[in-house]
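Okay, so here's the structure we're looking at.
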Protein chains: 2
Amino acid sequence: MTTSASPGPDGIHAPSLVQLAADSLRSMILAGEYAPGERLAEERLTERLGISRPPLREAMRLLEGEGFIVTQPRKGSRVATLTDQDVHEILTLRSALERLAFELGVPVRDPALLEAPRRAVAEMEDCARREDRGGLVQAGYRFHLALVGIAAHRRLSESYAAIQRQQLLCMARNLVVREAYYEDLVQHAARHRLLLERVESGDRDAALAELAAHGEQSFASVALPAELYRSSFSGGAPSARGRAGQSNAPT
Amino acid sequence: MTTSASPGPDGIHAPSLVQLAADSLRSMILAGEYAPGERLAEERLTERLGISRPPLREAMRLLEGEGFIVTQPRKGSRVATLTDQDVHEILTLRSALERLAFELGVPVRDPALLEAPRRAVAEMEDCARREDRGGLVQAGYRFHLALVGIAAHRRLSESYAAIQRQQLLCMARNLVVREAYYEDLVQHAARHRLLLERVESGDRDAALAELAAHGEQSFASVALPAELYRSSFSGGAPSARGRAGQSNAPT
DNA sequence: ACTTCGACTACTGTCTACAATAAGCAACAC
DNA sequence: GTGTTGCTTATTGTAGACAGTAGTCGAAGT
């Protein structure tokens with residue numbers, strides 16, 4: 001995942017503790033170290049991250065804006081709890097943004113914009129050959145982000161990256177079944193290659209059609225396991241009794 | 001504009017200084033008190049707002065996430081400078097989100113969702129009769145936000161509200177010509193009423209078609225004056241020599 | 001035994017203070 | 001006269017501390 005470390009045009013700087021803390025927290029949440037609904041006490045986090053409270057609080061403001069945590073005024077912060085409605089929202093919005101990117105950018109104006117998705121899909125194929133599931137997923141995310149980049153639309157790309165991160169959060173809640181997704185890794189990469197070719201051809205409608213078909217698969221790999229997870233959850237989870245099924249705060 | 005004061009379901013709370021500061025800053029920027037590109041020194045703002053630096057910094061993190069200000073790691077924060085590309089991005093994204101809302105929600109499932117836009121359009125007509133231009137604009141924003149709300153899609157509504165605020169920022173940069181927009185206030189309100197009726201009818205395609213026509217008008221009232229502003233700007237503006245035409249930081 | 005009132009604990013919200021970095025400016029050398 | 005170097009100042013980044021509030025546990029009364 002492209003972390004948001006952005007020191008500027010070219011000048012290199014020690015990234016502020018706020019950025020470091022935000023990246024660390026995001027990683028920890030996505031890694032499942034903090035369960036959805038779990039309380040995030042500031043004091044604990046400061047001693048874990050080795051920083052003071054002000055930068056930590058600013059980092060949490062950032063993550064709040066990204067939808068990873070929810071904060072209630074005097075009751076502290078919690079890891080966002082994703083309901084089925086949330087998953088639905090994430091998937092539909094992600095899909096719509098991708099479609100918009102195609103509509104805006106599919107007769108690709110600047111050929112240089114195609115470099116990034118080409119590299120990503122090549123990496124996907126490489127991972128598929130090596131049967132590297134984790135790398136394949138990572139490269140897949142980079143591919144989609146790069147594909148949205150063809151619109152040359154900064155706000156669109158940022159919104160897409162944000163919703164993509166939230167989708168990762170969706171998948172963090174069902175880590176157990178993540179490994180079982182792709183029946184055929186090579187075929188998975190091939191679908192992405194086909195999507196890229198449609199884009200390269202410049203035929204907007206064909207690209208959109210392929211994207212729609214592509215989206216079906218994506219839905220299956222996120223929404224479906226969520227169901228599996230929930231049923232296995234009510235069965236007998238060890239701890240982490242976060243109140244699943246509750247809506248997030250209306251921030 | 002629906003400020004982001006959200007203490008929760010029903011419990012009332014003294015809003016934190018962070019929220020107060022964020023709202024104040026936003027208002028000041030939108031009112032044009034701080035020109036695009038202008039440096040936002042923390043010390044000055046603390047004594048103006050009467051608060052300390054930590055809550056102010058957190059508020060600025062929020063506004064950074066909303067796209068109102070850009071921050072460079074050790075060089076401070078500035079009011080976001082909007083290029084023509086930025087304006088284009090804002091308008092296309094806003095339009096696309098509105099369209100998505102229609103696609104998801106136009107055969108309106110829950111009739112209660114139509115209450116808010118109905119109230120807003122009634123208020124628009126009232127303002128139009130009284131020739132209250134300011135009120136008409138405000139009600140117009142509420143109308144569009146409420147219209148997006150028919151999708152019952154929290155993330156979509158939030159994204160829309162965010163981009164709508166940025167559009168307000170667009171308009172803040174050409175305050176001079178804002179008054180000359182609507183040739184006919186009653187006709188302006190009537191267009192919105194028509195759009196609402198299309199939505200109420202449940203005919204998705206008709207609603208989308210009307211929305212597209214509606215969008216044309218919206219483009220004209222934001223993008224065009226931006227051009228006017230720029231030409232009058234290079235002519236001879238008094239101060240505020242913010243480097244217009246430069247891209248924002250890639251945060 | 002159940003309910004209610006009270007104090008306690010832990011946490012968040014905020015402030016003041018210190019350290020470090022960057023920009024501006026002046027003096028010096030070439 | 002121009003370029004460079006060093007200092008000065010202002011501003012940001014971070015730390016530690018204090019005050020206020022929410023949740024909880026216990027005890028007393030009904």
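Below, all heavy atoms of this structure are taken into account, side chains as well, without hydrogens, waters or symmetry copies. Quantities reported herein were computed from a predicted structural model and do not represent experimental measurements. Quick note on labels: first sequence line is chain A, next is B, and so on, each numbered from 1.
- A:S157 is linked by a side-chain contact (heavy atoms from CB on, under 4.5 Å) to A:V148, counting only residues two or more places apart in sequence or in another chain.
- Residue A:R78 contributes atom CZ, which lies 13 Å from atom C1' of D:dA22 at whole-angstrom precision.
- Counting to the nearest Å, the C1' atom of C:dT12 and the CG atom of A:L56 are 12 Å from each other.
- The side-chain contact (heavy atoms from CB on, under 4.5 Å) search around B:L17 returns B:I51, B:P55, not counting sequence neighbours.
- Legend: residues meeting side-chain hydrogen bond (donor to acceptor under 3.5 Å, both in side chains) with B:E123, ordered by chain and number and at least two apart, are B:R142.
- Put simply, NZ on B:K75 is 13 Å from C1' on C:dG24, counting in whole angstrom units.
- Nucleic acid contact class of B:P55 (heavy atoms, under 4.0 Å, all strands): sugar-phosphate only.
- For A:R119, the side-chain contact (heavy atoms from CB on, under 4.5 Å) partners at least two apart in sequence or on another chain are A:E115, A:A116.
- The distance from atom CD of A:Q72 to atom C1' of C:dT12 is 13 Å, rounded to the nearest whole Å.
- Salt bridge present: B:R61 and B:E64 bring a charged side-chain N and a carboxylate O closer than 4.0 Å.
- What separates CD of A:E58 from P of C:dT14 is a distance of 13 Å, to the nearest Å.
- Atoms CZ (B:R53) and P (D:dA17) sit 19 Å apart, rounded to a whole Å.
- Nucleotide D:dG13 holds its P atom 14 Å from the CG atom of A:L20, rounded to whole Å.
- Of the N and O atoms on the side chains of B:E98 and B:H144, at least one donor lies less than 3.5 Å from an acceptor on the other residue.
- Contact check of residues 41-52 of chain A against DNA chain C (heavy atom, cut-off under 4.0 Å) returns A:A41, A:E42, A:R44.
- In this structure A:E42 satisfies the side-chain contact (heavy atoms from CB on, under 4.5 Å) test together with A:R53, A:L56, A:R57, A:M60, sequence neighbours excluded.
- Taking side-chain N and O atoms only, B:R57 has a distance below 4.0 Å to OP1 or OP2 of D:dG13.
- Between the side chain of A:R74 and the base of D:dG23, no donor-acceptor pair under 3.5 Å is found.
- Between the C1' atom of D:dA10 and the CZ atom of B:R39 lies a distance of 9 Å, rounded to the nearest Å.
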